[in-house]
Amino acid sequence: QVQLLEFGGGSVQAGGSLRLACTASRDTSRGHCMAWFRQALGKPREALASWDGRGTTSYADSVRGRFTISKDNTKNALYLEMNDLKVEDTAMYYCAADTSGWTAAEGRCRPNGMDFWGKGTQVTIFS
């Protein structure tokens, strides 16, 4: 079991920046995939960025070059630095973890394999 809690959402003007944080209740540094997702009203959930147990990252095309995922294993924390925000980035943002061991075995993340989720933090971008 792991509890995840997101922080850092808010309302900012388009072009601005936000930094989201996700704290985990235990160590997630070994073989776990950690990732950020978002879901806008009326739209399906979208995988944004992931961090595998070895530190390799991947990004969705919609955020590549604007968002950066990072992890601080000393704090059991996952971050998402978001720059050049757009109105279409407005959504609820979620942190998630795959603790099944699949990532350690396969050496990569699988967005549909998350087994623990945070409750989300709202990000609203206005023009």
Side-chain angles (χ1 to χ4, degrees):
Q1 282 266 348
V2 60
Q3 284 78 46
L4 303 172
L5 186 61
E6 301 94 339
F7 298 94
S11 296
V12 297
Q13 193 167 21
S17 299
L18 280 174
R19 187 187 194 217
L20 304 184
C22 169
T23 58
S25 59
R26 64 166 177 81
D27 183 9
T28 57
S29 62
R30 299 183 181 184
H32 294 353
C33 175
M34 300 291 295
W36 287 98
F37 293 75
R38 69 185 177 190
Q39 188 165 21
L41 282 175
K43 294 188 177 181
R45 187 170 59 202
E46 178 186 13
L48 300 178
S50 64
W51 176 288
D52 73 11
R54 301 168 301 168
T56 302
T57 59
S58 65
Y59 296 91
D61 289 343
S62 59
V63 304
R64 187 176 292 111
R66 299 189 298 124
F67 291 11
T68 303
I69 190 171
S70 61
K71 199 167 186 289
D72 185 341
N73 290 327
T74 66
K75 298 180 180 179
N76 293 337
L78 183 75
Y79 302 99
L80 186 68
E81 185 76 35
M82 306 187 294
N83 298 312
D84 190 23
L85 284 161
K86 306 175 186 300
V87 172
E88 53 264 39
D89 292 320
T90 295
M92 185 71 80
Y93 284 67
Y94 298 92
C95 170
D98 178 355
T99 66
S100 68
W102 192 93
T103 293
E106 299 294 327
R108 59 187 174 91
C109 286
R110 50 174 185 171
N112 62 351
M114 301 298 154
D115 50 1
F116 292 100
W117 294 82
K119 294 185 177 181
T121 186
Q122 177 67 37
V123 171
T124 302
I125 311 302
F126 56 91
S127 59

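Bear in mind the structure is a predicted one, so any value in this text is a computation, not a measurement.
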* Chi angles and distances behind the side chain to side chain contact (heavy atoms under 4.5 Å, CB included) call for Glu6, Gln122 -> CA-CA 10 Å; Glu6 301 94 339; Gln122 177 67 37; over 6 Å; no
* May I have all residue pairs that pass salt bridge (charged side-chain N to carboxylate O under 4.0 Å, His left out) and include part of residues 27-40, sequence neighbours excluded? => Arg38-Glu46, Arg38-Asp89
* Structure fact -> residues 8-24 vs side chain to side chain donor-acceptor pair (under 3.5 Å), sequence neighbours excluded, gives Ser17-Asn83
* Which pairs with one or both residues in residues 50-65 pass salt bridge (charged side-chain N to carboxylate O under 4.0 Å, His left out), sequence neighbours excluded? -> Asp52-Arg54, Asp61-Arg64
* Out of curiosity, Met34 CE to Asn76 CG, how far, rounded to the nearest 0.5 Å? -> 8.5 Å
* Asked: Taking atom CE of Met114 and atom CZ of Phe37, what is their separation to the nearest 0.5 Å?
  -> 4.5 Å
* To do: Could you note down all residue pairs passing disulfide bond (SG atoms under 2.5 Å apart) where residues 39-98 supplies at least one of them, sequence neighbours left out?
  => Cys22-Cys95
* Asked: Residues in side chain to side chain donor-acceptor pair (under 3.5 Å) with Arg45, at least two apart?
  -> none
* **disulfide bond (SG atoms under 2.5 Å apart) pairs, two or more places apart, involving residues 45-77** => none
* Asked: Rounded to the nearest 0.5 Å, how far does NE2 of His32 lie from CG of Leu78?
  -> 12.5 Å
* Structure fact -> Distance col, row Thr57:OG1 vs Ile69:CD1, nearest 0.5 angstrom, shows 7.5 Å
* Grab the two heavy atoms, one from Trp51 and one from Ser70, that are nearest each other, plus how far apart they are. => CZ3-CA, 3.7 Å
* To do: Examine Leu48 and Leu85 and state if one hydrophobic cluster contains both, with Ile, Leu, Val, Met, Phe, Trp and Tyr joined whenever side-chain heavy atoms are less than 4.5 Å apart.
  => yes
* To do: Kindly write out the residues that satisfy ring pair (Phe, Tyr, Trp, His ring centres under 6.0 Å) with Tyr59, not counting sequence neighbours, or none if the list is empty.
  => none
* **Contacts of Thr90 that satisfy side chain to side chain donor-acceptor pair (under 3.5 Å) - sequence neighbours left out** => none
* To do: Please name all residues satisfying side chain to side chain donor-acceptor pair (under 3.5 Å) with Arg110, sequence neighbours left out, ordered by chain then number.
  => Asp98, Ser100
* At their closest point, which heavy atom of Thr99 faces which heavy atom of Arg26, and how far apart are they? -> CG2-NH2, 3.7 Å
* Structure fact -> Between Leu80 and Tyr93, the two heavy atoms sitting closest are CD2-CD2, 4.3 Å
* Answer yes if the side chains of Gln3 and Ser25 hold a donor-acceptor pair under 3.5 Å, and no otherwise. => yes
* Structure fact -> Residue pairs meeting salt bridge (charged side-chain N to carboxylate O under 4.0 Å, His left out), one or both in residues 114-127, sequence neighbours left out, come to none
* Return yes if some donor-acceptor pair links the side-chain N/O of Thr68 with the main-chain N/O of Glu81 below 3.5 Å, else return no. => no
* Structure fact -> Scanning both residues in full, the closest heavy-atom pair of Leu4 with Ala24 reads CD2-CB, 3.8 Å
* Asked: Between Phe67 and Trp36, does the ring centroid distance fall short of 6.0 Å?
  -> no
* Starting from the C-alpha separation in whole Å, work towards a yes-or-no answer on side chain to side chain contact (heavy atoms under 4.5 Å, CB included) for Met82 and Leu20. => CA-CA 8 Å; Met82 306 187 294; Leu20 304 184; 3.7 Å; yes
* Asked: Quick one: are Phe116 and Gln1 in side-chain contact, heavy atoms under 4.5 Å?
  -> yes
* Is it true that Val123 and Phe7 fall in one hydrophobic cluster, defined by side-chain heavy atoms closer than 4.5 Å? -> no
* To do: Kindly write out the residues that satisfy side chain to side chain donor-acceptor pair (under 3.5 Å) with Ser50, not counting sequence neighbours, or none if the list is empty.
  => Ser58
* Residue pairs passing the disulfide bond (SG atoms under 2.5 Å apart) test where at least one lies in residues 33-68, sequence neighbours excluded -> Cys33-Cys109
